[in-house]
Amino acid sequence: SQIELYSQDFQDFGATPSEIYHKARYHTFQDLSGGNELIIGPSLIESKPNFTVQGELSASGRAIIGINNKVTGGLGAGVFGGSNNKAYGTNSVVVGGINNEALSAYSVVVGGGGGQARGENAAIVGGSSNDADDCFSAVVGGATNKAQAPSSATIGGQLNTVKGQYGFIGGGVQNNTFGFKSAVIGGVNNMNHGTDSVIIGGDSNELSCNNSFILGSNIDANKADTTFVNNLSTTNSLNVRGSAEMEGGLTVVGDLSTK
């Protein structure tokens with residue numbers, strides 16, 4: 001059936017004359033230009049592309065708003081704004097942006113472009129071409145960053161990849177973490193294979209031992225429970241308990257004691 005709305009009351013509100021189509025349990029509201037539609041059903045709201053609603057609008061299942069967006073997941077999935085976005089998982093959500101995909105249950109993509117949240121409970125916030133591939137993984141900003149392990153995260157930067165569970169990268173370019181609870185805090189071309197180990201910036205470092213740290217550049221760290229630096233300078237006292245290995249110089253202005 002078809003109902004055309006031309007009443008004076010309708011036009012007094014400044015609205016465009018519209019048509020309502022009824023098919024099965026779905027209703028389509030379309031302005032007479034044929035360009036804008038709003039589809040409402042028991043488990044779906046879909047706007048394509050620019051239908052405006054004033055007041056409250058709700059559905060118990062899926063919702064689609066924006067241009068060329070798709071929802072094929074279970075109940076609770078939705079796309080709100082943007083264009084060419086897709087929500088495939090149950091209770092998955094995409095909010096704005098372009099070419100974003102929420103592919104698993106409870107996954108979320110907010111803004112940005114080309115983001116893919118593949119893991120359950122994974123999240124991407126902004127950025128470009130970022131991937132959150134495992135459960136509870138997250139990527140915030142940056143470009144072409146990947147969180148590929150459970151509960152891993154990367155924030156900003158470019159071409160960074162986290163492959164170890166609970167791993168973290170905080171910016172920089174082309175950094176990689178592989179170990180359990182390993183981290184790289186910025187820098188360029190750093191690789192962390194250790195467990196509970198951290199590379200704090202720098203360039204072209206590689207860490208392959210556990211419970212160790214790197215501060216500097218071009219360091220190959222292979223001894224556990226050790227902090228590696230290029231040079232160490234202190235203006236007060238330096239206390240060493242255990243052994244100290246040095247390749248290069250040590251400058252101390254103050255007291256030096258070893259035990």
Side-chain angles (χ1 to χ4, degrees), residues 16 26 28-31 33-41 43-54 56-59 61-149 152-163 168-175:
T16 302
Y26 292 89
T28 298
F29 298 79
Q30 182 180 68
D31 66 30
S33 69
N36 303 316
E37 291 184 345
L38 178 69
I39 302 172
I40 300 176
S43 62
L44 173 67
I45 293 179
E46 181 172 357
S47 173
K48 51 183 185 180
N50 298 314
F51 202 100
T52 300
V53 177
Q54 294 182 342
E56 182 176 333
L57 185 63
S58 63
R62 299 177 295 157
I64 307 173
I65 298 174
I67 302 173
N68 296 324
N69 295 321
K70 295 182 180 179
V71 173
T72 60
L75 295 180
V79 177
F80 302 93
S83 61
N84 299 315
N85 297 312
K86 300 175 182 178
Y88 290 153
T90 299
N91 294 308
S92 61
V93 176
V94 177
V95 181
I98 182 171
N99 295 323
N100 294 315
E101 297 182 358
L103 302 174
S104 295
Y106 303 99
S107 59
V108 178
V109 181
V110 180
Q116 293 188 330
R118 295 188 178 92
E120 290 191 3
N121 298 285
I124 295 175
V125 180
S128 174
S129 301
N130 294 318
D131 295 339
D133 294 332
D134 216 322
C135 60
F136 299 101
S137 60
V139 179
V140 180
T144 321
N145 296 313
K146 302 179 186 297
Q148 297 182 331
S152 61
T154 176
I155 299 177
Q158 294 180 331
L159 300 170
N160 298 310
T161 302
V162 183
K163 294 186 177 182
F168 174 77
I169 294 179
V173 179
Q174 290 186 327
N175 296 308

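Nothing fancy with the numbering, it's 1 onward along the sequence.
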Practice task
For the pair Asn85 (side chain) and Val95 (backbone), establish whether a donor and an acceptor sit closer than 3.5 Å, ignoring hydrogens and angles.
Solution key: no
Problem - Main-chain N/O of Asn160 paired with Asn175 side-chain donor or acceptor, under 3.5 Å - result: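 No: the side chain of Asn175 does not pair with the backbone of Asn160.
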Among all residues two or more places apart in sequence or in another chain, which pass the side chain to side chain contact (heavy atoms under 4.5 Å, CB included) test with [X]?
| X | answer |
| --- | --- |
| Asn121 | Tyr106, Phe136 |
| Ala123 | none |
| Asn130 | Ile124, Val139, Asn145 |

Tell me which pairs pass salt bridge (charged side-chain N to carboxylate O under 4.0 Å, His left out) where either residue lies in [range], with sequence neighbours left out.
| range | result |
| --- | --- |
| residues 102-117 | none |
| residues 94-116 | none |
| residues 135-146 | Asp131-Lys146 |

Please name the pair of heavy atoms, one in [X] and one in [Y], separated by the smallest distance, quoted to 0.1 Å.
| X | Y | result |
| --- | --- | --- |
| Val162 | Phe168 | CG1-N, 4.0 Å |
| Gly111 | Asn100 | O-ND2, 3.2 Å |
| Ser104 | Ser92 | O-CB, 3.5 Å |
| Ala149 | Ser137 | O-CB, 3.8 Å |
| Gly78 | Ala87 | O-CB, 3.7 Å |
| Ala77 | Gly89 | CB-O, 3.5 Å |

Completion exercise
Distance col, row Asn69:CG vs Asn84:CG, nearest 0.5 angstrom, shows 7.0 Å
Exercise for the section: Supply the atom-to-atom distance Lys163 NZ to Asp134 CG, rounded to the nearest 0.5 angstrom. Expected result: 13.0 Å
Exercise for the section: Find out whether Ser129 and Thr144 are in side-chain contact, i.e. whether some heavy atom of one side chain is under 4.5 Å from a heavy atom of the other. Expected result: yes
Exercise for the section: Can you sort out the partners of Asp133 under salt bridge (Lys or Arg N to Asp or Glu O under 4.0 Å), two or more places apart, ordered by chain and number? Expected result: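 Asp133: salt bridge (Lys or Arg N to Asp or Glu O under 4.0 Å) contacts with Arg118.
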